[in-house]
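Scroll down for the structure; my scribbles are underneath it.
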Amino acid sequence: MHRTAAQTMFTILALTSIHLSASLIVPETVLAQSLTKVRVANIGGTSDHMQVAINAGVYRNYGFDVENIQIGSSATVVQSLIAGEVSFAHVGAVPVVAAVANGIDLKIVAAFINRFNYVMVTIPELQKPQDLKGKTLAISRLGSGDEFATREALRRWGFDPDKDVRLLQVGLTVARLAALQGRHVQASLLSPPQIVEVQRMGLNVLADLTDLDVEYAHYTLATKGSLITENRRLVERFIKAYVEGIRYYRDHPDSAIVYLRKFSRLNDAELRIVYENLRKRIREEPVPTASGVRTIIRNLKSDKERELDPRRVIDTSFFVGAAAK
């Protein structure tokens, strides 16, 4: 049965507090073609490229009916994957690496963005990284990806994150923007899509962390090792659809902007800036790299966790000629 656009959007935006107890992979017949039902968990906004490709029929061309489920935090996304509520997770690598370090069999099978996908936003008076010394920086929460990236950037700029600045837990993006505008904090990492709004508010984009010479598995596609073992052909087919979906998103800006318009108050010119900013960060060949997770491993808490071999976290075998670097 065809799903209406309204039903599809409701599914994507619905709260995921209801336990997903149905089978993960449910064959169903649509237009006489057998589609495989697959659930993917993500954090809102991190998989827009997937939804644009889903809407365009890219995944159906590979035999998939994809339910793209938005969940509140990266930790919750990974928990839903571990619990078997979804087949794949589109998520930052930090909670995936932490899970593997604690003995859970997860694999990163693609890395959509392999650099820090943040910009450092400050009050107007701060114009260079050295101006951050002694200031208060907002983070969403301790243990989050943005806290990790904040600490790494500060180290690269010659600071001791525990001595030279104060890190304050503030909450999600809206709360951090409000704290900056109210001058309760002087700086915070935000995602590039916020650049247009940041500039409207008169705040300063101090640095784009993509420019740092650091491989970092910022957005990844992860699955359970057991699914690869039990149904490798399905995983392989899904990754092919995922890669083609990335190419579709890169090659069809008008389709992307039509989708983004549904969730934004920005005009089309501003949305194109947001789109182009993301497009330049997207990897056409999203092969996961050992270096991209090694950045995370060396900052894990215990000595035992820091001994984790990054090759235990990634699986590059779905990409012809790829090797863990």
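On a predicted model such as this, the values are computed, not experimentally measured, just so you know. Just so it is clear, the values below take in all heavy atoms, side chains as well, and ignore hydrogens, waters and symmetry mates.
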Determine the sole option in Arg311, Arg312, Arg306 for which the salt bridge (charged side-chain N to carboxylate O under 4.0 Å, His left out) test with Asp309 is passed.
Arg311
Rounded to the nearest 0.5 Å, how far apart are CD1 of Ile139 and CG of Leu167?
5.5 Å
Donor-acceptor check, side chain of Thr220 to backbone of Ile108, threshold 3.5 angstrom: yes or no?
no
Of Tyr59, Phe238, Phe64, which is the lone residue that meets ring pair (Phe, Tyr, Trp, His ring centres under 6.0 Å) with Phe88?
Phe238
One pair to check against side-chain contact (heavy atoms from CB on, under 4.5 Å): Leu81 and Lys224. What are the steps and the verdict?
CA-CA 7 Å; Leu81 178 62; Lys224 296 174 80 170; 4.1 Å; yes
Non-hydrogen side-chain atoms of Arg279 and Arg272 separated by less than 4.5 Å:
no
CG of Leu227 to CG of Leu106: how many Å apart, nearest 0.5 Å?
11.5 Å
Give, for atom OG of Ser291 and atom CG of Asn114, the distance between the pair rounded to the nearest 0.5 Å.
8.0 Å
As a test of understanding, state which of Leu203, Asp146, Val198 forms a side-chain contact (heavy atoms from CB on, under 4.5 Å) with Leu190.
Val198
Could you go through the side-chain hydrogen bond (donor to acceptor under 3.5 Å, both in side chains) check for Tyr62 and Glu244 one step at a time?
CA-CA 10 Å; Tyr62 284 84; Glu244 185 170 327; 2.5 Å; yes
How long is the gap from CZ on Phe263 to CG on Leu260, to the nearest 0.5 Å?
8.5 Å
For residues 110-139, pull every pair meeting ring-ring contact (aromatic ring centres under 6.0 Å, His included), keeping only residues two or more places apart or in separate chains.
His49-Phe112, His90-Phe112, Phe116-Tyr216, Tyr118-His218
Intermediate values then yes/no, side-chain contact (heavy atoms from CB on, under 4.5 Å), Lys107 and Val313:
CA-CA 5 Å; Lys107 293 290 185 184; Val313 184; over 6 Å; no
Enter the distance from Gln51:CD to Asp48:CG here, rounded to the nearest 0.5 Å.
8.5 Å
Would you mind reporting whether Asn42 and Ile71 have side-chain heavy atoms less than 4.5 Å apart?
no
Nearest heavy-atom contact between Arg151 and Asp162 is NH1-OD1, 2.9 Å
Looking at Leu172, I'd like to know if its CG atom is crowded, meaning that more than 12 non-hydrogen atoms belonging to other residues, nucleotides or ligands lie closer than 6.0 Å.
no
Gly202 to Pro124 - nearest heavy-atom pair and separation:
O-CG, 3.2 Å
side-chain contact (heavy atoms from CB on, under 4.5 Å), that's the test. Do Thr36 and Asp65 meet it? Break it down for me.
CA-CA 6 Å; Thr36 303; Asp65 177 15; over 6 Å; no
Looking at side-chain heavy atoms only, is the closest gap between Leu189 and Val119 below 4.5 Å?
no
Stepwise, does the salt bridge (Lys or Arg N to Asp or Glu O under 4.0 Å) test hold for Glu236 with Arg233?
CA-CA 5 Å; Glu236 183 175 27; Arg233 290 182 67 184; over 6 Å; no
Taking Ser80 for its side chain and Val77 for its backbone only, find out whether a donor-acceptor pair lies under 3.5 Å.
yes
Which heavy-atom pair separates Gly171 from Arg176 by the least distance, and what is that distance?
O-NH1, 2.9 Å
Has Ser264 got a side-chain atom pairing as donor or acceptor with Leu266's backbone, closer than 3.5 angstrom?
yes
Taking side chain as C-beta onward, heavy atoms only, is Glu67 less than 4.5 Å from Val86?
no
Donor-acceptor pair between Ser47 and Tyr219 side chains, under 3.5 angstrom:
no
4.5 Å side-chain heavy-atom contact, Val109 and Ile228
yes
Check the pair Arg247, Glu285 against salt bridge (Lys or Arg N to Asp or Glu O under 4.0 Å), reporting the backbone distance first and the verdict last.
CA-CA 9 Å; Arg247 291 172 183 159; Glu285 194 76 2; 3.2 Å; yes
Does a donor on one side chain sit under 3.5 Å from an acceptor on the other, for Ser317 and Arg232?
yes
Chi angles and distances behind the salt bridge (Lys or Arg N to Asp or Glu O under 4.0 Å) call for Glu276, Arg250:
CA-CA 9 Å; Glu276 291 295 344; Arg250 287 177 57 88; over 6 Å; no
Do Arg166 and Leu137 have side-chain heavy atoms sitting under 4.5 Å apart?
no
I'd like to know if the side chain of Asn204 reaches the main chain of Leu126, judged simply by a donor and an acceptor atom lying under 3.5 Å from each other, with no hydrogens or angles considered.
yes
Quick check for you: to the nearest 0.5 Å, what is the distance between Ile123 atom CD1 and Gln186 atom CD?
5.0 Å
Could you work out, with ring-ring contact (aromatic ring centres under 6.0 Å, His included) as the rule, every residue matching His184, not counting sequence neighbours?
none
Keeping Arg183 on the side-chain end and Ala179 on the backbone end, is there a donor-acceptor pair under 3.5 Å?
no
Taking all non-hydrogen atoms of both residues, which atom of Ala111 and which atom of Arg283 are closest, and how far apart?
O-NH1, 2.8 Å
So which heavy atom on Leu132 is nearest to which on Ala187, and how close?
CD2-CB, 3.7 Å
Heavy-atom side-chain contact between Ile195 and Ile273 under 4.5 Å:
no
Going through the distances and angles, do Asn117 and Ser191 end up as a side-chain hydrogen bond (donor to acceptor under 3.5 Å, both in side chains)?
CA-CA 6 Å; Asn117 190 41; Ser191 298; 5.3 Å; no
Steps toward salt bridge (Lys or Arg N to Asp or Glu O under 4.0 Å) verdict (Arg156, Asp211):
CA-CA 12 Å; Arg156 298 270 169 170; Asp211 296 333; over 6 Å; no
Could you check whether Asp105 and Ser226, counting side-chain N and O atoms only, form a donor-acceptor pair closer than 3.5 Å?
no
What's the shortest heavy-atom distance between Ala217 and Val293, and which atoms?
CB-CG1, 4.3 Å
Please determine whether side-chain contact (heavy atoms from CB on, under 4.5 Å) holds for the pair Asp164 and Lys133, giving the CA-CA distance in whole Å, both sets of side-chain angles, and the decisive distance to 0.1 Å.
CA-CA 6 Å; Asp164 294 328; Lys133 187 169 185 178; 4.0 Å; yes
Do Ile43 and Gln70 come close enough that some side-chain heavy atom pair is under 4.5 Å?
no
Is it the case that Asp131 and Gln127 place a side-chain donor and acceptor less than 3.5 Å from each other?
no
